[in-house]
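Keep in mind it's a predicted model, so treat the numbers as computed, not measured.
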Amino acid sequence: MGSGGFRWAPMEGAVARGTVLARTVLEYAYSGGTHGPHAIVVHMSALSPLPARPLLERGTVRLLGAGLAAATYLLFLPWDLRNRADSPGDINETTPVTDMGITGVVVTVLALAAYFGYRDRLYWVLPVVAAPPAGLLLASFLTHESPDASLWPLAWVVFVVAGGGAVLAVAGFARQFRPGAGGAAGSSA
């Protein structure tokens with residue numbers, strides 16, 4: 001018994017495929033009354049591994065994650081990323097991208113990477129988290145071609161490789177905190 005009469009105990013049947021699901025039972029034992037001890041079951045399905053969830057829930061969570069990654073890009077970055085002059089006739093150009101916009105995209109995408117790294121298999125992290133912003137960035141570059149020679153295609157490749165690597169690194173780090181993971185590298189459950 002813990003303090004105040006509360007006791008945490010693993011839920012029966014919570015071990016599946018070598019991992020402990022993120023489910024626990026909060027039992028409150030009290031004396032007296034005709035009902036006996038009660039148990040309050042707390043299902044933490046928002047953090048339970050996705051492969052153990054029903055197919056519809058897995059698909060819905062992955063689509064919501066991809067939609068949130070795409071919405072983050074559209075919310076924080078302008079669609080036309082080309083540099084432009086501050087006023088007509090100026091030689092100096094400025095970028096429409098702000099530091100806060102880049103910070104918002106990076107923080108949100110890395111938070112999504114940590115969430116999906118913790119919850120899902122690693123091979124789902126790139127298509128769910130990194131692919132929507134990368135696709136929108138490519139679409140923006142292709143629809144707003146600059147009149148002179150442009151390094152944007154090369155910049156896109158660098159952004160995608162660096163972003164994909166950061167997403168995988170964060171997802172792999174978050175994966176270590178899964179219950180039952182035990183720090184085992186390469187587990188795909």
Side-chain angles (χ1 to χ4, degrees), residues 22 44-51 53 57-179 181 183-188:
M44 292 186 276
S45 63
L47 295 176
S48 66
L50 272 181
R53 306 302 303 159
E57 182 179 344
R58 287 193 308 257
T60 302
V61 169
R62 289 172 183 151
L63 283 175
L64 285 173
L68 186 58
T72 296
Y73 177 90
L74 294 173
L75 178 68
F76 288 115
L77 296 179
W79 184 245
D80 184 3
L81 297 171
R82 292 179 296 178
N83 291 343
R84 50 184 67 91
D86 282 334
S87 59
D90 273 351
I91 296 175
N92 295 332
E93 294 182 338
T94 61
T95 180
V97 180
T98 64
D99 292 339
M100 289 302 292
I102 298 221
T103 303
V105 169
V106 168
V107 167
T108 307
V109 166
L110 292 182
L112 282 170
Y115 177 75
F116 280 98
Y118 180 83
R119 251 196 113 181
D120 209 352
R121 293 185 171 119
L122 280 181
Y123 58 80
W124 276 105
V125 175
L126 282 178
V128 169
V129 177
L136 288 170
L137 182 64
L138 180 63
S140 175
F141 288 159
L142 293 176
T143 57
H144 301 99
E145 293 186 27
S146 59
D148 54 350
S150 177
L151 293 177
W152 280 121
L154 179 62
W156 180 81
V157 171
V158 171
F159 291 150
V160 169
V161 170
V167 162
L168 280 178
V170 169
F173 179 74
R175 200 165 172 73
Q176 295 177 9
F177 298 101
R178 287 176 69 163
S187 73
S188 63

*Considering non-hydrogen atoms only, spot the tightest contact between Pro127 and Pro132 and give its length.*
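So the two residues come closest at O-CD, 3.6 Å.
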
*What are the two closest non-hydrogen atoms of Gly65 and Leu112, and how far apart are they?*
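Shortest heavy-atom contact: O-CD1, 3.9 Å.
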
Would the distance check show the side chain of [X] and the main-chain N or O of [Y] forming a donor-acceptor pair, the cut-off being under 3.5 Å?
X	Y	answer
Trp124	Gly117	no
Ser140	Leu136	no
Arg178	Tyr118	yes

Taking the side chain as C-beta and beyond, is there a heavy-atom pair between [X] and [Y] under 4.5 Å?
X	Y	answer
Pro51	Asp120	yes
Pro133	Val109	yes
Phe116	Leu122	no
Val61	Arg53	no

Measure the [atom1]-[atom2] distance between [X] and [Y] for me, rounded to the nearest 0.5 Å.
X	Y	atom1	atom2	result
Leu68	Thr72	CG	OG1	4.5 Å
Tyr115	Leu50	OH	CG	6.5 Å
Leu154	Phe159	CG	CZ	9.5 Å

*asked:* I'd like to check the salt bridge (charged side-chain N to carboxylate O under 4.0 Å, His left out) partners of Arg58; sequence neighbours left out, ordered by chain and number.
replied: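 Per chain and number, Arg58 pairs via salt bridge (charged side-chain N to carboxylate O under 4.0 Å, His left out) with no residue.
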
*Quickly, which of Thr108, Val107, Thr98 forms a side chain to side chain contact (heavy atoms under 4.5 Å, CB included) with Phe76? Name it, please.*
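Testing each of Thr108, Val107, Thr98 against Phe76, the sole residue satisfying side chain to side chain contact (heavy atoms under 4.5 Å, CB included) is Thr108.
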
